[in-house]
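All remarks here apply to the structure that follows.
All figures in this text were calculated on a predicted structure; none of them were measured in a lab.
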Amino acid sequence: MTLILPLLRCPDHYELENKSKVTALEALVISLCRLRYPNRLCDLVEVFGRSSSMLSRISNIFLKDVQERSCNILQLLSSEYIDCSELANAVRRATPLANCIGFLDGTVRPIARPSNDQEAVYNGHKRTHALKYQSLMLANGIIIIDGPFEGRRHDSFLLRESGLMQRLRELPLSHDGSRYLVYGDPAYALQQQVICPYPTVNITQEQQLFNENMSKVRQSVEYGFGKVLQNFSFVDYKKNQKLFLQALGPQYLCAVLFTNIHTCMYGSTMNTLLKSQSPSVNMYQIGRASCRERV
């Protein structure tokens, strides 16, 4: 816990609406217990000695603050922050694709049916009300995420609105003078820096082999996204994901942030699959410096 707090750059204390104060360490522990498992607030009363309403306030104010302080880190793609050539080499060892640094996907997080604006968050493909996020799994196991977006939005809309293409174009060129790219599923249109599988109709044997090789790696990437839900299953508990009663965006984004920190400390399936090295937690210090330079 004492290692995580300096990375989050939180204040020493938080002051709630009723003027009561709570330390950052207590707020972190309460929030982690809240996200770790779909506990009811009343179940945590005996653990922390605070009322359900206080626990809710503490968790919400802490997660919102962490999300605001770390949103740039979760979206940052910078040569000072990541080693693109190392990521591309890791992907190249496992796939036939050169200069690829990660795998792009739209993440659908189901929520309870809201009382208002149901059509805006209804995802027809999954047949559920949801919020969507755009997730880029880098070859070192770190997740770059944008969102939340309305559940009805298509993945191509998320890509356009997130500004990820511009961030990719700002990366330096590779050793052979070409740009780095990402690999996505067929939902994305083929673009200069987004590679998709070949259509399944009238393709050559080499193209089919390419699709099969990339599919094996891409399916394994889903385990990386699943790590967020494995470690913080509260964000996967649909019945308690209430849009207008909880800070759903900060909850999931903070879960991704904490998962990235866990990957820095202990690694992930991506490191095993691609034989890559997870970054150190100092990466977040470097990332914050890069964010300040951009601002």
Mutual orientation of the aromatic rings belonging to Y122 and H129 [parallel < 30°, tilted 30-60°, perpendicular > 60°]: perpendicular
For residues [X] and [Y], is any side-chain donor paired with an opposing acceptor at under 3.5 Å?
X	Y	answer
K227	H262	yes
T259	N231	no
N271	S276	yes
T128	K238	yes
N240	Q246	yes

Search all heavy atoms of [X] against all heavy atoms of [Y] and return the closest pair with its distance.
X	Y	result
K21	R50	O-NH2, 4.0 Å
A112	K242	CB-CG, 4.3 Å
G147	L253	O-CD1, 3.9 Å
C264	S278	O-OG, 4.0 Å

Residues that R152 engages under side chain to side chain donor-acceptor pair (under 3.5 Å), provided they are two or more places apart: E150
Just checking F244: does its CZ atom have more than 12 heavy atoms from other residues, nucleotides or ligands closer to it than 6.0 angstrom? yes
Gap between atom CE of M270 and atom CD1 of I143 - 0.5 Å precision: 10.0 Å
Min side-chain heavy-atom separation F103-L136 under 4.5 Å: no
With side chains defined as the heavy atoms from C-beta onward, is the minimum distance between Y180 and S85 less than 4.5 Å? yes
Where the side chain of S20 meets the backbone of L16, is there a donor-acceptor pair that is under 3.5 Å apart? no
Centroid-centroid distance, Y133 to F149, less than 6.0 Å: no
Hey, is E161 close enough to R153 for a salt bridge, meaning N to O under 4.0 Å? no
